[in-house]
Amino acid sequence: MSKYPTIRARVIDCKQGAVRAVRYNVDGNYCITCGSDKTVKLWNPLKSSLLKTYSGTGNEVLDAASSSDNSQIAAGGADKACTVFDVETGKQLRRWRTHGAQVNAVAFNEESSVVFSGSMDCTMQAFDCRSRSEKPIQIFNESTDGVISIDVNGHEIVAGSADGNYRIYSVRDGNMTIDYMGDSVNSISFTPDGNCILAGVMGGMVRLMDKSSGKLLASYKGHQNTDYKLDCRVLQSIEHVASGSEDGFVYIYSLLDSHIVSKLEHPSKVIHSLASHPKKERLVTAAGQMIYLWVADDDAEVLGE
């Protein structure tokens, strides 16, 4: 039985209004927070230190992503634009304004040459970071409602939509597969091994789906989700699933048998955003204007010997 995060090791007041999303960078050394005060902030969560603030977006920021070389941050939000910042200087490198409504999700491809953005205008758009073009290189308009969540793994992109479906696009062979989930797909992600898809569905259900066959492998329920977009993620060990909730807890489920193994208590009622560390058993969660770092009880680097 592997360990999972149970101990609240750090609490950081982000001082940027409500934290709309928290995301780890590629290697997990830093995390990015998106604020309702139109800023993106870069943190070292272990030291609770703010490294840089990125501003210049026109409205509150709803999602952000770090490039694979840690040199750029993409952000999308209520200003209907997708913005790319230079991590070191804080300058805006690119800004695309082709969406017709707020941008809910952004993601880089593996090489960080393309940014994908999903919007309430029912489209996902792909932008080439290396060209000076203002237009997207591709518009995915299969969704019949807002695109809420995006994840990229190798040559595949998965987009979860408020129309109750998630769609997997395979860039290599030009195929799209659709799976119907019954209600708005608020959170979608590939498992760390890339074989399965974790879908968080409105109404308080998280489903683990086989990517190639579309079979339901497991479903997790116990958390509450009726009003907000909540994140769910498979933890790095691929043995546990973490999900936000609207009752003041983050729920940790056993991946295989769907039991609740732990509930992480938060002072706030709604814990809507979370990110799992890419290499270690750590979890960073966002609620209100605070972010919380959770670690396993044998994590010597954070807790000391």
Side-chain angles (χ1 to χ4, degrees), residues 2 23-24 26 63 65 68 104-112 114-118 123-126 138 140-221 223 225 229-244 251-258 274-279:
S2 90
R23 301 285 177 252
Y24 269 114
V26 175
D63 195 19
S68 54
N104 294 319
V106 291
F108 277 102
N109 69 338
E110 212 86 350
E111 296 82 39
S112 301
V114 178
V115 176
F116 296 92
S117 60
T123 67
M124 178 170 75
Q125 302 188 5
Q138 190 166 355
F140 303 83
N141 52 12
E142 290 79 11
S143 178
T144 56
D145 204 337
V147 178
I148 310 276
S149 178
I150 298 176
D151 195 21
V152 180
N153 181 33
H155 66 282
E156 292 177 316
I157 308 134
V158 62
S161 166
D163 64 10
N165 296 289
Y166 68 78
R167 294 169 175 81
I168 307 172
Y169 300 91
S170 174
V171 177
R172 201 169 282 168
D173 51 13
N175 286 344
M176 178 187 78
T177 47
I178 303 183
D179 280 303
Y180 182 61
M181 292 282 108
D183 209 334
S184 174
V185 181
N186 288 336
S187 174
I188 196 84
S189 58
F190 289 100
T191 52
D193 59 6
N195 293 331
C196 307
I197 280 175
L198 191 72
V201 184
M202 195 66 127
M205 176 74 86
V206 173
R207 295 192 179 100
L208 184 69
M209 310 291 291
D210 186 290
K211 185 182 75 181
S212 50
S213 70
K215 280 199 180 107
L216 175 68
L217 301 175
S219 57
Y220 312 93
K221 51 178 186 280
H223 59 284
N225 182 10
K229 171 196 169 188
L230 304 182
D231 285 347
C232 55
R233 290 286 180 271
V234 174
L235 295 180
Q236 178 269 335
S237 65
I238 321 190
E239 291 186 16
H240 298 97
V241 173
S243 171
Y251 285 71
I252 309 244
Y253 297 96
S254 164
L255 182 98
L256 291 173
D257 57 15
S258 307
L274 52 84
S276 108
H277 194 290
K279 297 190 170 71

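A quick note: this is a predicted structure, and the numbers were derived from the prediction, not measured.
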inquiry  = Centroid separation under 6.0 Å, is that true for the rings of Y253 and H240?
reply    = no

task = Check whether any side-chain N or O of S149 sits under 3.5 Å from a backbone N or O of G160 as a donor-acceptor pair, and report yes or no.
result = no

key: Taking every non-hydrogen atom, the tightest pair across D231 and R23   = OD2-NH1, 3.0 Å

request  = Could you tell me whether a side-chain N or O of D63 sits under 3.5 Å from a main-chain N or O of V106, the two making a donor and an acceptor?
outcome  = yes

query = Does the S112 side chain pair with the main chain of S68, one donor and one acceptor, at a distance under 3.5 Å?
reply = yes

key: Heavy atoms from other residues, nucleotides or ligands near NZ of K215 exceed 12 (cutoff 6.0 Å)   = no

key: Q125 side chain vs S117 backbone, donor-acceptor pair below 3.5 Å   = no

ask   = Under the criterion side chain to side chain donor-acceptor pair (under 3.5 Å), which of E156, Q138, E142 is the partner of Y169?
value = E142

inquiry  = With heavy-atom distances below 4.5 Å as the criterion, would you say the side chains of L216 and M209 are in contact?
reply    = yes

inquiry  = Quick one about T177 and D179 (side-chain donor to acceptor, distance below 3.5 Å, no hydrogens or angles considered), yes or no?
reply    = no

Test item: S143 side-chain N/O and D145 main-chain N/O as donor-acceptor pair under 3.5 Å = yes

inquiry  = To check you understand the geometry: which heavy-atom pair defines the closest contact between A242 and L235, and what is its length?
reply    = CB-CD2, 4.3 Å

inquiry  = If the condition is salt bridge (Lys or Arg N to Asp or Glu O under 4.0 Å), which residues does K221 pass it with, not counting sequence neighbours?
reply    = none

key: Within-4.5 Å side-chain heavy-atom neighbours: L255 and L208   = yes

inquiry  = Restricting to side-chain contact (heavy atoms from CB on, under 4.5 Å), what partner residues turn up for D257, sequence neighbours left out?
reply    = S254, H259

remark   = The salt bridge (Lys or Arg N to Asp or Glu O under 4.0 Å) partners of R167 (sequence neighbours excluded) come to D163

message = Show the nearest heavy-atom pair for residues V185 and I148, with the distance to one decimal.
response = O-CB, 3.5 Å

inquiry  = To check you understand the geometry: which heavy-atom pair defines the closest contact between C232 and S189, and what is its length?
reply    = O-OG, 3.9 Å

query = Quick one: does S258's side chain have a donor or acceptor within less than 3.5 Å of a partner on S219's backbone?
reply = yes

query = Taking C-beta and beyond as the side chain, do I168 and M176 meet within less than 4.5 Å on heavy atoms?
reply = no

message = Restricting to ring-ring contact (aromatic ring centres under 6.0 Å, His included), what partner residues turn up for F190, sequence neighbours left out?
response = none

message = Please give me the minimum heavy-atom distance between E110 and G154, naming the atom from each residue.
response = OE1-N, 3.1 Å

remark   = Smallest heavy-atom separation, R233 atom then S187 atom, equals NH1-OG, 3.2 Å

key: Set of residues satisfying salt bridge (Lys or Arg N to Asp or Glu O under 4.0 Å) with respect to D151, sequence neighbours excluded   = none

request  = Identify the residue among I252, N225, V206 that makes a side-chain contact (heavy atoms from CB on, under 4.5 Å) with S243.
outcome  = V206

inquiry  = So, taking the atom named CD1 in I150 and the one named CZ in F116, what distance separates them when rounded to the nearest 0.5 Å?
reply    = 8.0 Å

Let me check something: any side-chain donor-acceptor pairs from residues 192-205 under 3.5 Å, sequence neighbours excluded? List them with distances.
{"residue": "D193", "atom": "OD1", "partner": "T191", "partner atom": "OG1", "Å": "2.6"}
{"residue": "D193", "atom": "OD1", "partner": "N195", "partner atom": "N", "Å": "3.1"}

